[in-house]
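Report on one structure; see the data block that follows.
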Amino acid sequence: MPRIFDHNEIPAERTATVASIRALKNQDQKMIEVTAATAEDSAAAEAAGIETVITIPELVKTVREGSRRVFVTAAFDFSVEAPLTEDEMLRAAWNAMLDGADAIATSRRPESVRRLTDEYIPVMGHVGFVPRRSTHFGGIRGVGKTAEEAMAIWDEMRRLEDAGAFAAECELIVAPVMAELTKRSSLATFSLGSGGDADVAVLYTSDICGESDHIPRHARTYADLRTLQRQIQDERVRALTEFRGDVLSGSYPAEAEVVQGEDEELQRFREMLGD
């Protein structure tokens, strides 16, 4: 496992590095990335042999508590607040790296990417479908279905290359187009619903584990945690209801559930109180 110095210059081990991700180009080997929002998520990812996880900047510290080894990417642009200026973005990205991130993901313009890479911050860009720009695509759909649309994606990837990005998240791109882009680009390609020919396969942990209300077409579910979570909540409510009933009926606490004292000491205490 590669040994590095993290952004705080502290020795660390990582399941992947920027260099090892880029080295996937034109190789049969692939890596996997999943989302993580909790320490349990990242711990499970490491235990499953998954190399990289992606989270929002505010959760980097929490995710890093679950695994000191997985490669963590902090994804910006999920906030509903006004966009950060480039200086604010640089400061926020730097802080995310200090919190334990190994890279930054953003769908911002190449000029913003260059602002980060000029400071040697590893950046993953975003091409293909961008959820908050869905109105420009006419709705939620795959992209790259026409030659012109595929060329527009290719042009975006080349601009990201020029800006110094090391990778691109490629969302809902037509699979054969994704294969061509992966062969031709120096960027490590992360496929989210863009077929199996990218360098890294990406899925949401909530989709994999069956926690989502809606499972998108490109996802595959391997568990039914939603049902288990409902069962846990039902059992939680049942236990709390039963506890409340016992308190109101006087059956809780029982004699074995309270601290007992000596009768003589209790009598002395009462005498001191003047009873």
Side-chain angles (χ1 to χ4, degrees), residues 1 3-15 33-75 78-81 91-92 94-102 203-215 221-275:
M1 184 174 297
R3 296 181 68 250
I4 66 163
F5 288 103
D6 66 14
H7 208 63
N8 294 288
E9 298 189 357
I10 296 174
E13 291 184 330
R14 289 291 188 267
T15 51
E33 178 181 82
V34 298
T35 56
T38 66
E40 289 77 12
D41 286 343
S42 54
E46 181 183 332
I50 289 172
E51 296 90 353
T52 78
V53 302
I54 187 165
T55 189
I56 60 175
E58 295 81 2
L59 295 178
V60 168
K61 280 186 177 180
T62 299
V63 168
R64 185 54 80 195
E65 288 172 3
S67 173
R68 307 304 302 176
R69 292 180 170 180
V70 294
F71 187 96
V72 175
T73 298
F78 285 93
S79 173
V80 296
E81 299 175 356
R91 186 177 297 107
W94 191 271
N95 287 335
M97 298 290 288
L98 291 176
D99 285 345
D102 298 294
L203 270 187
Y204 278 59
T205 294
S206 56
D207 291 338
I208 296 169
C209 296
E211 299 175 89
S212 304
D213 293 329
H214 168 71
I215 305 296
T221 299
Y222 293 83
D224 187 10
L225 294 190
R226 187 171 174 79
T227 295
L228 293 176
Q229 288 164 351
R230 282 198 299 265
Q231 292 173 349
I232 290 171
Q233 181 65 5
D234 290 345
E235 188 68 4
R236 182 179 287 112
V237 171
R238 184 204 61 75
L240 292 171
T241 301
E242 188 172 339
F243 167 67
R244 177 176 180 271
D246 284 352
V247 171
L248 296 179
S249 70
S251 65
Y252 178 87
E255 184 175 351
E257 294 163 331
V258 298
V259 178
Q260 301 294 337
E262 298 292 335
D263 291 342
E264 295 84 354
E265 293 301 319
L266 177 59
Q267 182 58 38
R268 290 182 61 237
F269 174 56
R270 287 172 174 164
E271 290 171 359
M272 289 178 182
L273 292 173
D275 291 350

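On a predicted model such as this, the values are computed, not experimentally measured, just so you know.
- Interatomic distance, CD1 of Ile56 versus OG1 of Thr35, reported as 11.0 Å (0.5 Å rounding).
- With a 4.5 Å cut-off on side-chain heavy atoms, Asp41 and Thr38 count as touching.
- Annotation: side chain of Thr15 is not in contact with side chain of Thr52 (no heavy-atom distance under 4.5 Å).
- Contact record, Arg69 with Met1: CD-SD, 3.5 Å, taken as the closest heavy-atom pair.
- Glu9 CD: 12 or fewer foreign heavy atoms inside a 6.0 Å radius.
- Contact annotation: the side chain of Val72 approaches that of Thr55 to within less than 4.5 Å [non-hydrogen atoms, C-beta and beyond].
- Looking at Tyr222 and Cys209, their side chains never come closer than 4.5 Å, going by heavy atoms from C-beta outward.
- In this structure, the side chains of Trp94 and His7 come closer than 4.5 Å at one or more pairs of heavy atoms.
- The environment of Arg238 atom CZ is dense: over 12 non-hydrogen atoms of other residues, nucleotides or ligands sit within 6.0 angstrom.
- For the side chain to side chain donor-acceptor pair (under 3.5 Å) with Arg268, the qualifying choice from Glu264, Glu265, Glu271 is Glu265, the only one to do so.
- The stretch residues 33-54 participates, sequence neighbours left out, in no ring-ring contact (aromatic ring centres under 6.0 Å, His included) pair at all.
- The CD atom of Gln267 sits 11.0 Å away from the CE atom of Met272 when rounded to the nearest 0.5 Å.
- One finds the CD1 atom of Ile232 at 6.5 Å from the CD atom of Gln229 (value rounded to the nearest 0.5 Å).
- Using a 4.5 Å cut-off on side-chain heavy atoms (C-beta onward), Glu255 and Gln260 make contact.
- Inter-residue side-chain proximity for Arg64 and Asp102 is flagged as met; some heavy-atom pair is nearer than 4.5 Å.
- Scanning all heavy atoms of the two residues, the minimum distance from Ser212 to Ser206 falls at OG-OG, 3.2 Å.
- In this structure, OG1 in Thr221 is found 6.5 Å from CG in Asp207, a value given to the nearest 0.5 Å.
- With sequence neighbours excluded, the residues satisfying ring-ring contact (aromatic ring centres under 6.0 Å, His included) with Phe243 are Tyr252.
- Atom CG of Asn8 has more than 12 heavy atoms from other residues, nucleotides or ligands within 6.0 Å.
- Inspection of the Gln233 and Arg230 side chains reveals no N or O donor paired with an N or O acceptor under 3.5 Å.
- A pairwise comparison of heavy atoms in Ala36 and Val53 identifies CB-CB, 4.0 Å as the closest pair.
- Here the shortest heavy-atom pairing between Glu211 and Thr205 reads OE2-O, 4.1 Å.
- Side-chain contact between Arg244 and Leu240 is absent, with no heavy-atom pair separated by less than 4.5 Å.
- Although no hydrogens or angles enter the test, the distance criterion places a donor-acceptor pair under 3.5 Å between the side chain of Arg14 and the main chain of Arg68.
- Taking CG from Asp213 and CZ from Arg226, the interatomic distance works out to 4.0 Å, rounded to the nearest 0.5 Å.
- Here OG1 of Thr241 is found 11.0 Å from CG of Asp246. Values are rounded to the nearest 0.5 Å.
- No donor-acceptor pair under 3.5 Å is formed between the side chain of Thr73 and the backbone N or O of Ile54.
- When all heavy atoms are compared, the tightest approach of Ala74 to Ala96 is CB-CB, 4.0 Å.
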